[in-house]
Amino acid sequence: MTTLPLTPQQVLIDPPVTDAGAVLDALAALLAESTGQTASVIAEALKSREEQGSTGIGHGVALPHARIDGVTEVAVAALRSAQGIPFAAPDGMEVQVFIAVAVPKTAATAHLEILSTLAVRLASEAVRADLLKVHNAEGFFTAMTHSD
């Protein structure tokens with residue numbers, strides 16, 4: 001399985017976001033720190049991808065992602081919202097756990113590998129439950145990166 005390039009510094013726990021746009025802006029700001037791209041470029045790419053179809057995967061989880069010119073390595077950021085955010089998930093559930101991925105424009109394989117790794121990890125009901133009950137970024141990071 002692909003190693004998840006995530007650190008506690010790239011996790012926001014319960015920021016004051018109330019809609020999908022604010023979530024994507026907050027994630028873009030985190031991704032900007034590790035990609036060398038501006039938050040506005042990343043936010044635009046994430047929002048453009050959402051316009052093609054929701055990245056909500058169900059069970060209160062979304063994986064916003066985009067391939068972005070100028071990004072040289074896969075970058076991941078996470079946000080856990082205290083309240084559910086409408087995100088057009090296929091099961092109709094509001095989303096509380098968002099894991100955003102920015103990858104180089106030419107890295108189609110890496111893009112699919114990281115999304116697959118995330119989907120497998122988040123398929124676990126126990127992992128999702130842990131992510132909802134942690135109190136800080138370190139707890140979220142631990143729940144995402146350690147085996148059950």
Side-chain angles (χ1 to χ4, degrees), residues 1-81 84-91 93-124 127-128 130-132 134 136-148:
M1 202 179 290
T2 301
T3 302
L4 189 62
L6 180 70
T7 67
Q9 293 75 31
Q10 296 160 305
V11 176
L12 285 175
I13 299 296
D14 303 337
V17 293
T18 57
D19 61 39
V23 167
L24 295 176
D25 288 341
L27 289 166
L30 286 175
L31 289 168
E33 296 173 14
S34 56
T35 63
Q37 290 298 314
T38 65
S40 61
V41 165
I42 295 168
E44 182 180 321
L46 292 174
K47 290 173 183 177
S48 176
R49 170 58 188 85
E50 285 305 316
E51 289 172 4
Q52 297 171 26
S54 176
T55 58
I57 62 171
H59 301 287
V61 177
L63 300 176
H65 57 275
R67 296 188 349 212
I68 303 169
D69 280 326
V71 170
T72 58
E73 294 181 14
V74 174
V76 175
L79 183 150
R80 199 272 314 274
S81 176
I85 304 290
F87 214 76
D91 62 2
M93 286 182 64
E94 292 187 341
V95 175
Q96 287 184 269
V97 175
F98 298 85
I99 313 286
V101 180
V103 297
K105 190 77 165 180
T106 58
T109 300
H111 190 186
L112 295 175
E113 286 175 353
I114 195 75
L115 291 175
S116 175
T117 296
L118 289 167
V120 167
R121 186 78 182 132
L122 293 164
S124 166
V127 169
R128 293 191 312 270
D130 286 348
L131 294 174
L132 292 177
V134 298
N136 56 40
E138 291 78 15
F140 190 99
F141 170 77
T142 298
M144 274 304 296
T145 58
H146 291 80
S147 297
D148 296 315

Which atom of [X] lies closest to which atom of [Y], heavy atoms considered:
| X | Y | result |
| --- | --- | --- |
| Ala39 | Ala29 | CB-CA, 3.8 Å |
| Pro90 | Gly58 | CD-N, 4.0 Å |
| Arg128 | His59 | NE-CB, 3.3 Å |
| Ala89 | Met93 | CB-O, 3.6 Å |
| Ala32 | Thr38 | CB-C, 4.0 Å |
| Pro64 | Leu27 | CG-CD1, 4.1 Å |

Report task. Start with the C-alpha distance between Ile114 and Val76, add both sets of side-chain angles, then the distance that settles side chain to side chain contact (heavy atoms under 4.5 Å, CB included), and finish with yes or no. Result -> CA-CA 9 Å; Ile114 195 75; Val76 175; 4.2 Å; yes
Query - Any donor-acceptor N/O pair, Thr145 side chain to Phe141 backbone, under 3.5 Å - result: yes
Requested in this report: Measure from the side-chain N and O atoms of Gln96 to the backbone N and O of Ser81, and report whether any donor-acceptor pair falls under 3.5 Å.
Outcome: yes
Beyond-backbone contact of [X] with [Y], side-chain heavy atoms, under 4.5 angstrom:
| X | Y | result |
| --- | --- | --- |
| Met144 | Leu118 | yes |
| Gln10 | Ser34 | yes |
| Thr142 | Val134 | no |
| Leu122 | Leu131 | yes |
| His65 | Val103 | no |
| Leu79 | Val17 | yes |
| Arg80 | Leu132 | yes |
| Val101 | Val74 | yes |

How long is the straight-line distance from [atom2] of [Y] back to [atom1] of [X], given to the nearest 0.5 Å?
| X | Y | atom1 | atom2 | result |
| --- | --- | --- | --- | --- |
| Asp25 | Ile42 | CG | CD1 | 11.5 Å |
| Leu30 | Leu12 | CG | CG | 4.5 Å |
| Ile99 | Phe140 | CD1 | CZ | 4.0 Å |
| Arg49 | Leu24 | CZ | CG | 11.0 Å |

**Report entry** Within 6.0 angstrom of Glu138 CD, more than 12 heavy atoms from elsewhere
**Finding:** yes
Query raised in the report: Between Glu51 and Ser48, do the side chains contain an N or O donor and an N or O acceptor separated by less than 3.5 Å?
Result: no
Query raised in the report: Going through the checks in order, is the side chain to side chain contact (heavy atoms under 4.5 Å, CB included) test met by Leu46 and Leu31?
Result: CA-CA 11 Å; Leu46 292 174; Leu31 289 168; 4.3 Å; yes
